[in-house]
Amino acid sequence: MNTVFSKADTESIRQAAAFLQQGEIVALPTETVYGIAADARNGAAVSKIFAAKGRPQDNPLIVHIADMAMLDGLVSEVPERAQLLAAAFWPGPLTIIMPRGSEVADACCAGLDTVGIRMPSHPVIRAVIKESGCALAAPSANLSGSPSPTTAQDVFADMDGRLPMIVDGGNCQVGVESTVITIVGEHPVLLRPGHITLEQLEAALGEEVLISGAILEKLKEGEVARSPGMKYKHYAPKADITILKGSFEQYKAYVEAHRAENPACLCFTGEDAKLDFPCICYGKEGDGNDQAFHLFRCLRALDEQGDGVVYARCPGQDGASMAVYNRLIRAAAFRVITL
Ligand code: TXA
Ligand code: MG
C-alpha cells in the first residue's frame with residue numbers, strides 16, 4: 001500500500017476525513033502521541049487498526065470525540081463522575097472508562113461492557129472528527145511493542161505501507177499517552193498515569209482515586225490487569241535498560257564502575273557534560289512534563305543506536321513524573337536498582 005504523508009492543512013484534513021468515512025484508517029496527531037484512527041462504529045475499519053499495529057485483539061481501543069453530544073450511542077449513560085471529569089479536563093489528555101453504548105463496534109471494547117472515551121484538544125484530530133462526523137477509535141500509532149510515536153516521522157518509520165495516510169502535525173506537546181481512569185466501579189481507579197495527575201483527578205472528583213496495581217510495579221503472577229494494555233510488555237527497546245535510583249553522584253560512580261560493559265547513559269538534561277559515556281538526555285531533573293515530552297523520542301533514538309547496556313536516571317514517582325516512571329520501568333523490563 002502507498003502511504004501518503006501530508007502536512008496538516010485544510011486539504012489533508014478533508015482527505016483524512018474522506019478516508020475515514022470510506023472505512024479506511026489514517027494516522028493523526030493528538031496532543032499526547034500520534035494515533036491510528038478508524039470510524040468507531042465500523043467494525044471492519046476498526047479491525048484494520050489491529051492488523052496495522054500487530055495489536056492483540058483483547059486490548060481495547062480509546063474512542064475520540066469532539067463534543068459532548070457525540071457521546072450519544074457510544075456510552076449507555078454519562079455517570080456524574082464522568083461529568084465532573086469532563087468539565088474539568090476535556091478537551092484534553094484524559095480517557096474516561098464508561099458503560100458501553102450500543103453503537104460502538106465490538107472490536108473497540110475487546111469483549112468488555114465498558115468503553116474508553118477521550119475528547120482530545122489537538123486542533124487537527126478535532127477538525128478531522130468534525131469534518132468526518134465520525135467518533136474515532138484510535139490507539140497509539142506505533143507497531144505493538146515499540147514506543148508510542150510523538151512525531152510524524154516516527155509514525156512513518158513504523159507504519160509506511162501499512163495505512164493509506166499520515167497527517168503531520170509536528171511534535172506532540174504532552175509526549176506520553178493520556179491518563180486513563182475508570183469510574184464504573186465503587187471507587188474511581190487510575191489505570192494509566194499521564195499528564196493529568198492523580199492529585200488533579202482527586203480534586204475534580206472530590207474523592208480518593210485508587211492506583212491500579214500494575215502502574216508502579218510489575219503485575220504479580222496470576223494478577224488480572226484492570227486495563228488490558230498494562231499486561232503487555234510495552235516500549236521494549238533493543239537495549240538492556242536498567243534504572244538506577246539515587247543521586248547523580250551515586251549514578252556516575254555506578255556507571256563508571258561498570259565501564260567494562262560499554263554502557264550508554266539515559267540521563268537528565270545537562271548531565272551529559274559530566275559523564276564520560278555516550279549520553280541521551282531525556283529532560284530536566286525533577287520536571288515530569290519535560291521528561292514526558294522527550295521520553296519516547298529518546299527511547300527511539302536508543303533503538304536507532306542499536307543494542308547494548310543502558311543505565312537510566314530514575315524519574316520521580318508522583319505528580320507528572322508518575323507517567324514517566326510508569327513508561328520507563330516497562331522499557332527497563334522492571335529492572336530498578338536502588339543505589
Ligand atoms: O493518548 C492516548 O490515549 C492515545 C492517543 C492516540 O489518543 N491513545 C492511546 O491508545 O494511547 P492505546 O490503545 O495505545 O492505549 C489505550 C489504553 C490501553 O492500555 C487499554 O488497555 C486501555 O486504554 N483501555 C481502553 N479501553 C479500556 C476499557 N474499556 N477498560 C479498561 N482499559 C481500557
Ligand atoms: Mg499504545
Side-chain angles (χ1 to χ4, degrees), residues 25-38 40 46 49-50 52-66 74-76 89-101 104-122 124-126 128-129 135-150 154-155 158 167 169 172-185 188-196 212 214-215 219 224-236 292 296 323 326-327 330:
I25 59 174
V26 171
L28 299 171
T30 85
E31 70 276 25
T32 54
V33 300
Y34 277 75
I36 302 178
V46 173
I49 296 177
F50 286 85
K53 281 179 63 80
R55 182 181 177 104
Q57 297 286 340
D58 65 345
N59 195 3
L61 306 180
I62 294 169
V63 178
H64 297 68
I65 58 172
L74 299 177
V75 299
S76 61
F89 304 113
W90 280 358
L94 177 69
T95 297
I96 308 172
I97 309 296
M98 290 193 238
R100 181 186 168 180
V104 193
D106 287 340
C108 294
C109 305
L112 301 172
D113 56 7
T114 54
V115 60
I117 307 275
R118 161 161 131 75
M119 188 192 293
S121 62
H122 197 287
V124 173
I125 187 167
R126 292 181 64 79
V128 174
I129 295 171
L136 298 179
S140 49
N142 50 289
L143 287 173
S144 213
S146 58
S148 294
T150 53
D154 288 341
V155 178
D158 280 18
V167 180
C172 299
Q173 288 308 304
V174 173
V176 292
E177 309 89 337
S178 60
T179 304
V180 180
I181 185 172
T182 179
I183 52 155
V184 293
V189 181
L190 178 67
L191 298 181
R192 181 173 74 183
H195 180 73
I196 309 285
S212 170
I215 285 183
L219 269 187
V224 176
R226 294 284 300 273
S227 178
M230 284 290 178
K231 73 178 183 222
Y232 296 104
K233 189 179 173 205
H234 252 178
Y235 324 118
F296 286 144
N326 171 266
R327 304 322 188 265
R330 283 170 171 71

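Ligands are counted one by one from 1 in listed order, and the atoms in each one are counted from 1 as well.
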Closer than 4.0 Å to some heavy atom of Arg118 - which atoms of ligand 1 meet that? 1 (O), 2 (C), 3 (O), 5 (C), 7 (O)
His64: numbered ligand 1 atoms lying under 4.0 Å from its heavy atoms: 5 (C), 7 (O)
Going by the 4.0 angstrom heavy-atom rule, the piece of Thr182 near ligand 1 is neither
We want to know whether Ser148 and Arg327 form a side-chain donor-acceptor pair, criterion being a heavy-atom distance below 3.5 angstrom. no
2.8 Å cut-off met by an N, O or S atom of Ser144 to the Mg ion (ligand 2): no
Counting distance only, does the side-chain N/O of Thr32 pair as donor-acceptor with the main-chain N or O of Glu177 below 3.5 Å? no
Does ligand 1 come near enough to Arg192 that some N or O of the ligand is less than 3.5 Å from an N or O of the residue? yes
Is a donor on one side and an acceptor on the other found under 3.5 Å between the side chain of Tyr34 and the backbone of Gly169? yes
Within ligand 1, which atoms have a heavy atom of Leu112 less than 4.0 Å away? 28 (C), 29 (N), 30 (N)
Looking only at non-hydrogen atoms, the one of Ala27, Pro60, Ala138, Cys172 nearest atom 33 (C) of ligand 1 is Pro60
Tell me whether Lys53 contacts the main-chain N or O of Asn142 through its side chain, where contact means a donor paired with an acceptor under 3.5 Å. yes
Select one of side chain, backbone, both or neither to describe which atoms of Lys53 lie under 4.0 Å from any atom of ligand 1, heavy atoms only. neither
Is the shortest distance from a heavy atom of Arg100 to ligand 1 less than 4.0 Å? no
Glu177 heavy atoms within 4.0 Å reach ligand 1 at atoms 1 (O), 2 (C), 11 (O)
Yes or no on salt bridge (charged side-chain N to carboxylate O under 4.0 Å, His left out) for Arg126 and Glu31, after CA distance, side-chain angles and deciding distance? CA-CA 11 Å; Arg126 292 181 64 79; Glu31 70 276 25; over 6 Å; no
What atoms of ligand 1 come closer than 4.0 angstrom to any heavy atom of Ser140? 8 (N), 9 (C), 10 (O), 12 (P), 14 (O)
Give yes or no for whether the N/O distance cutoff of 3.5 Å, strictly under, is met between Thr114 and ligand 1. yes
Between the side chain of Arg55 and the main-chain N/O of Pro60, is any donor-acceptor distance below 3.5 Å? yes
Taking atom CG of Leu190 and atom CD1 of Ile215, what is their separation to the nearest 0.5 Å? 4.0 Å
Under 3.5 Å, is there a donor on one side chain and an acceptor on the other for Ser212 and Arg192? no
So, the side chain of Arg100 versus the backbone of Leu74: is there a donor-acceptor pair under 3.5 Å, distance only? no
For atom 23 (O) of ligand 1, the option (of Val115, Ile62, Leu28) bearing the nearest heavy atom: Ile62
